[in-house]
Number of protein chains: 2
Amino acid sequence: MVGRTRILLQPGVEETLKAVREAVVSGNVLLIVGGCRVEYEGRARSILGEGERIVVLKPDGSVLVHRPTGHSPVNWQPPRSITESRIVDGELRIESFRRGVREVLRITFSSISLVASMPLVDRGEFCMHASEEEMREAVLLEPRLIEEGFRPIKDEKRVESGFIDVYGLDSRGRLTVVELKRKTAGRDAVLQLSRYVRQLKSTSRREVRGILAAPSIAKGAQSLLEALGLEFKPLSPEECYKVLRERGGLRSILGGG
Amino acid sequence: MVGRTRILLQPGVEETLKAVREAVVSGNVLLIVGGCRVEYEGRARSILGEGERIVVLKPDGSVLVHRPTGHSPVNWQPPRSITESRIVDGELRIESFRRGVREVLRITFSSISLVASMPLVDRGEFCMHASEEEMREAVLLEPRLIEEGFRPIKDEKRVESGFIDVYGLDSRGRLTVVELKRKTAGRDAVLQLSRYVRQLKSTSRREVRGILAAPSIAKGAQSLLEALGLEFKPLSPEECYKVLRERGGLRSILGGG
DNA sequence: TGCTAAATCTCGAAC
DNA sequence: GTTCGAGGTTTAGCA
C-alpha cells in the first residue's frame with residue numbers, strides 16, 4: 001500500500017481533495033500549504049482565524065497545523081486519529097477525529113498554494129543519550145558501571161554465535177561476560193547471554209559469570225535469567241552518556257568555546 | 001523583507017543550499033523533504049540514522065524534523081535559534097544553534113526530493129476556550145461571573161463611543177457597565193470603560209458603576225482604574241468556556257452521539 | 001532575564 | 001485500557 005509522489009502547485013479544490021484522500025488511503029505523508037481557518041473542540045476548544053499555514057497529515061493519523069512562527073503546532077491531532085475530507089461551500093475541509101475520545105479538529109482552506117503527497121520511508125534508528133556501542137565504551141572507561149572490581153579486557157571477543165559486548169574478570173578472578181541492551185531486555189537477550197556463557201565454559205575450566213546490563217528486564221525474562229544462573233545489572237544509556245561526557249569519551253558536535 | 005515563493009523538485013545540493021540561505025535571509029518558511037541523518041547535542045544528545053523526513057525552518061529561527069509517524073518532532077530547535085547551512089562532502093548540512101545555551105542540531109541530507117520556500121502571512125487571531133463575544137454570552141447566561149446579584153440587560157447598549165459589552169443593574173439597583181477583555185487589560189481598556197461610564201452618567205441621574213472584567217490587569221492600568229473610581233473583576237476565557245459548555249451556550253463542532 | 005505553574009502537554013512503561 | 005512519571009518537555013504569566 002505505497003502511494004506515489006504528487007506535487008501540486010496552486011491546485012484547485014477538487015484536485016486537492018482527490019490528493020488528500022489518495023494520501024490517506026495509500027499511507028503517504030501529505031503536506032498542504034495554504035490559507036485556512038481552524039477549529040478545535042475536545043478537552044478544550046479553540047478557534048484560529050484566517051491565515052497561511054502548513055498542514056501535515058501523517059499516515060499514522062496524526063495531524064499538525066503549523067503557523068509560520070513557534071516551535072509547537074497551533075493545533076494538532078495525535079496518532080490513530082481518523083481523517084475525513086470534503087468540500088463545503090467551495091472550500092476544502094479536513095476534519096480529524098480522535099478514536100475513543102470526542103475530540104475534533106477542523107481545517108477549512110480558503111486557498112491552497114502547495115500540496116505534496118509523498119510515501120516517506122524512515123527506518124532510521126533513534127538513539128537518545130548513548131548507542132549500544134557507546135554504552136560499551138562507557139563500561140570500558142568506567143567498569144564500576146557493571147560492578148566494583150570488574151576488570152574488562154579491551155579486545156573484542158568473538159565466539160561462535162557472535163561478538164560478546166564486554167568480557168573480563170571480576171574481583172575474584174572469575175571470567176565475566178556482559179551483554180548490553182539500550183532498552184528493556186527480553187528473553188532473546190537472556191538466551192543470547194546464555195549462549196555466550198555456555199560457549200566460554202566449553203573452552204575454559206574457569207568459572208564463568210553472565211551479566212545482563214540493561215535499563216530494565218522484562219518480567220518473563222527475569223525468571224529465565226535466574227533459572228539459567230545469570231545476573232542482571234541495571235544500566236541505562238543515560239548513565240553511560242554521563243560517564244562518556246565527564247570522561248571525554250564522546251565524539252561531540254558541539255564546538256569548543 | 002519578503003521573499004518569493006520557490007518550489008524545487010529533486011533539486012541539486014547547490015541549488016538547495018541557495019534556497020535555504022535565501023529563505024533564512026528573506027524570512028520565508030522553508031520546507032525540505034528528503035533523506036537525512038540528524039545529530040543533536042545540548043541538554044541531552046541524540047543520533048538519528050538515515051531516513052526520509054520533513055524538515056521545517058521557520059523565520060523565527062525554530063527548526064522541526066518530523067518523521068512520517070508521531071505527533072512530536074523527533075528533533076527540533078526552539079525559536080530564536082540561528083541557522084547555518086553549507087555543503088560537506090557533497091551533502092547539504094544544516095546546523096541550528098540555540099542562542100545563549102550550547103545546543104546544536106545538525107541535519108545532513110543524503111537526498112532531497114522537495115524544497116519549498118514560501119513567505120507565509122498569518123495574522124489570524126487564536127482564541128482558546130472562548131472569544132470575547134462568547135465571554136459576553138457566558139456573562140449573560142451566568143451573571144454571577146461578574147458578581148452576586150448582578151442582573152444584566154440583554155439588549156446591546158449603544159453609546160456615543162461604541163457598543164457596551166454588558167450592562168445591567170447590580171444588587172442595589174445601580175447601573176453597572178462591564179467591559180470584557182480576553183487578555184490582560186491595559187490602560188486603553190480602562191479608558192474605554194471610563195468613557196462608557198461617563199456617557200451613561202450624562203444621560204441618567206442614577207449612580208453608575210464600571211467593571212473591567214479580564215484575566216488580569218496591567219500594573220499601570222490598575223492605578224488608573226482606581227483613580228477613575230472603576231472596579232476590576234478577574235474573569236478568564238476558561239471560566240466562560242466552562243459555563244458555556246455546562247449551560248449549552250456553545251456552537252459546537254462536535255457531532256452528537 | 002529567570003522562575004513558576006499549567007498544558008488539547010506527549011510518550012513510554014507498568015499495572 | 002488506565003494510570004503514572006519523565007521530558008532536550010513547551011508555554012505563558014510575572015517578579
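Within every chain, numbering begins at 1; the chains are lettered A, B, ... in the order of the sequence lines, protein sequences first and strands thereafter. Keep in mind that the numbers below use all heavy atoms, side chains included, and drop hydrogens, waters and symmetry copies.
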**Request:** Considering only atom C1', compute the distance from dG7(D) to dT11(D) and round it to an integer number of Å.
**Result:** 15 Å
**Asked** When you compare dC4(D) with dG8(D), how far apart are their P atoms, in angstrom units rounded to a whole number?
**Response** 22 Å
Pairing donors with acceptors under 3.5 angstrom, does anything connect the side chains of [X] and [Y]?
X: Ser85(B); Y: Glu95(B); result: no
X: Glu39(A); Y: Ser46(A); result: no
X: His71(B); Y: Lys58(A); result: no
X: Thr184(A); Y: Ser216(A); result: yes

**Prompt:** Just one of Val166(B), Asp165(B), Leu230(B), Ile211(B) clears the side chain to side chain contact (heavy atoms under 4.5 Å, CB included) bar with Glu179(B), so which one?
**Reply:** Asp165(B)
**Complete:** The correct set of residues in residues 47-80 of chain A placing a heavy atom under 4.0 Å from DNA chain D is His71(A), Ser72(A)
**Request:** Output yes when a side-chain donor or acceptor of Asp122(A) lies under 3.5 Å from a complementary backbone atom of Gly124(A), and no otherwise.
**Result:** yes
**Asked** Going through the checks in order, is the side-chain contact (heavy atoms from CB on, under 4.5 Å) test met by Leu57(A) and Val20(A)?
**Response** CA-CA 9 Å; Leu57(A) 305 189; Val20(A) 173; 4.1 Å; yes
**Asked** Under a criterion of less than 4.0 angstrom to any heavy atom of chain B, what are the 5'-terminal and 3'-terminal contacting nucleotides of DNA chain D?
**Response** dG8(D) to dC14(D)
**Request:** Could you list the residues that satisfy side-chain contact (heavy atoms from CB on, under 4.5 Å) with Glu226(A), not counting sequence neighbours?
**Result:** Gln222(A)
**Request:** Describe the nucleic acid contact of Glu41(B) in one word from base, sugar-phosphate, nothing, applying a heavy-atom distance below 4.0 Å.
**Result:** nothing
To the nearest Å, how far apart are [X] [atom1] and [N] [atom2]?
X: Arg102(A); N: dT8(C); atom1: CZ; atom2: C1'; value: 16 Å
X: Glu238(B); N: dC9(C); atom1: CD; atom2: P; value: 13 Å
X: Met128(A); N: dG12(C); atom1: CE; atom2: C1'; value: 12 Å

**Request:** Check side chain to side chain donor-acceptor pair (under 3.5 Å) between Glu103(A) and all other residues, then give those that pass, not counting sequence neighbours.
**Result:** Tyr40(A), Arg43(A), Arg98(A)
**Request:** Quick one: list whatever passes side chain to side chain donor-acceptor pair (under 3.5 Å) with Glu125(A), sequence neighbours left out.
**Result:** none
Close N/O contacts between protein and nucleotides 13-15 of chain C (under 3.5 Å):
none

**Message:** Once rounded to the nearest 0.5 Å, what's the spacing between atom OG of Ser111(A) and atom CD of Glu52(A)?
**Reply:** 6.0 Å
